[in-house]
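Heads up: the structure comes next, in structure tokens.
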Amino acid sequence: MTRLLIVDDEQIERDGLQAILRKGFPELDIAQAKNGRIAVEMAAELQPDLILMDIKMPGMNGLEAIEIIAKAQPGIKFVMVTAYDTFDYARSAIKLGVKDYLLKPSKASEIVATVGKVLGQIDEERRSAETSKRQEDALRKVLPVIEADIVTQLLFDHVHEVHLNELVGLLGESAGGEPFAMCVLLPQGAEGLYAAVREKARRAGGGWVGAMYGRHIPIIAFRDQARSYRSQALALARELLQTADAAVPGGASLSGADGSGGGSFVGIGGECDSLDQIRQSYQEALIASSDPTVPVKYRFYADTPALGMAREGLSAKQWERQFFDRIRLGQWEQLEADVQELLRRCESEGADLLLGQQRALELLWLASRVLLEMGVETESPLFAVQARDYRQLRAETDLLLARMRQAFETHQEQVKPDAIQQIKQYVYEHSHEDISLEAIGKRVGLSPFYISKLFKEQLGVNYIDFLTECRIDKAKKLMGDPERSLKEITFEVGYHDPNYFSKVFKKMCDVSPTEYRKTLLGKRGSQG
């Protein structure tokens with residue numbers, strides 16, 4: 001209900017205004033105040049939507065009362081009521097935000113028309129506020145999806161710079177300082193802890209949380225300039241571990257990722273100069289979490305012993321990154337050769353057999369994690385027997401690699417040849433929606449990481465570029481209808497900001513939407 005307060009030092013004036021307004025607007029909740037001081041007190045208590053304020057009153061005059069009330073409650077609207085039609089009063093009232101004025105005496109029709117106009121503004125603002133609230137509520141519900149999509153694309157696909165900015169804008173927050181990646185590894189059977197870990201990361205200012213794949217939760221964190229990188233990452237890792245442990249029903253101990261006790265584990269990648277390098281930091285986080293059996297359940301990549309050995313001009317860390325790339329490319333012969341070369345070097349240098357076995361297991365574990373990113377599920381790489389010598393260790397390692405290769409090739413065969421066509425069709429039909437790689441993956445039964453790979457390999461573009469092409473193509477077709485405004489087309493094809501749409505359109509088409517439409521309609525006119 002709309003509340004209105006009439007302020008006038010003359011009872012007959014207040015009653016007369018109330019009678020006119022009651023007849024014109026029966027739904028109004030009307031109250032009265034006989035001077036400016038009482039009006040200030042009543043405004044604080046009643047919080048009216050509109051105040052009809054007499055200007056000339058003893059004690060605190062109307063302009064003084066308006067100034068005090070407007071400062072405390074800027075949403076209230078005012079109509080000035082005065083017998084003085086002077087410029088000075090009008091100028092002062094305008095400065096205070098008064099919407100209109102009524103001269104004493106005024107006809108009933110003039111009073112109803114003036115108040116009705118302001119009440120119309122109030123109703124319009126309410127509808128606009130309700131619409132904004134609904135949009136904010138809807139956006140709040142999809143924020144986790146948007147956030148997960150940002151992380152997915154940054155870590156597993158090349159991102160269109162402008163589109164990334166749009167997504168970050170939807171999150172309503174700044175990326176912050178230098179980024180670094182973290183990988184939270186949950187124990188077997190503890191996948192239900194994802195929501196608790198995600199909420200803790202957000203509350204702790206941990207940055208962006210990606211979608212969980214397997215038992216991994218990727219996180220992109222941003223440096224707090226007031227803290228050191230290590231102290232910030234360490235504090236966040238401990239909070240995430242405490243949250244995961246506290247969320248276990250009854251405080252039961254969960255088995256570690258390798259089947260042993262130990263609960264969750266957090267790997268922490270190195271700092272980057274920009275988000276362009278965040279994928280490398282995430283690979284480092286994976287390597288840091290490659291041995292979840294260590295007593296302390298978090299580890300920095302910088303503190304992780306190198307898994308590989310310098311060879312062919314590559315440093316140990318470069319060798320590790322090359323190992324990742326070969327897994328993703330399915331270069332199994334080179335992979336087998338790399339692992340066997342590592343074991344031969346361990347043997348030739350006289351390394352203990354248990355150390356060689358640990359090195360092999362770490363590489364196999366990393367391979368299984370990368371395969372999982374691609375949608376290939378494999379059994380945990382564990383040796384069936386304790387090797388008696390390096391020859392047996394090499395044979396057992398070959399066997400585990402062969403199982404991984406078989407799982408990879410089986411997955412490749414199961415993916416329908418027309419899968420990318422189905423995905424393309426779905427994206428085109430739903431490009432006006434905020435669809436994420438994760439949502440598409442659930443629909444077609446493939447992991448978002450594998451879908452990203454399909455786009456790159458079969459179409460030569462990344463998912464975001466393809467989605468943008470679909471939206472711009474639809475926009476071009478809609479521009480042929482002169483009845484549609486560019487603003488309507490912007491929202492219809494899936495963008496939230498006409499200015500951003502114009503920027504993307506010009507980047508894609510080398511001309512602005514206005515110029516393109518003018519040319520398009522001009523050609524059609526000449527053909528007609």
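Excluded from the calculations below are hydrogen atoms, water molecules and symmetry mates; all remaining heavy atoms, backbone and side chain alike, are included. A quick note: this is a predicted structure, and the numbers were derived from the prediction, not measured.
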What's the shortest heavy-atom distance between [X] and [Y], and which atoms?
X	Y	answer
Phe222	Gln232	O-NE2, 2.7 Å
Met53	Ala39	CE-CB, 4.4 Å
Ala233	Ile268	CB-CG2, 3.9 Å
Val427	Cys470	CG1-SG, 4.4 Å
Ser431	Lys474	OG-NZ, 3.2 Å
Glu488	Arg484	OE1-CA, 3.3 Å

Tell me every residue that passes side-chain hydrogen bond (donor to acceptor under 3.5 Å, both in side chains) with [X], counting only those two or more places apart in sequence or in another chain.
X	result
Glu429	Gln425
His430	Glu433
Glu515	Ser512

Any [X] side-chain heavy atom under 4.5 Å of [Y] side chain:
X	Y	answer
Ile51	Gln73	no
Tyr463	Ile440	yes
Leu240	Tyr298	no
Val151	Val209	no
Val504	Arg471	no
Arg299	Phe265	yes
Ile220	Leu275	yes

With sequence neighbours left out, what residues match Asp473 under salt bridge (charged side-chain N to carboxylate O under 4.0 Å, His left out)?
-> Lys477
Salt bridge (charged side-chain N to carboxylate O under 4.0 Å, His left out) involving Lys117 - partner list, sequence neighbours excluded = Asp100
By ring pair (Phe, Tyr, Trp, His ring centres under 6.0 Å), which residues pair with Tyr229, not counting sequence neighbours?
-> Phe180, Phe300
Please assess Arg127 against Glu124 for the test salt bridge (Lys or Arg N to Asp or Glu O under 4.0 Å), listing each intermediate value before the final yes or no.
-> CA-CA 5 Å; Arg127 286 193 293 270; Glu124 178 59 33; 2.9 Å; yes
CD (Glu45) with more than 12 external heavy atoms under 6.0 Å = no
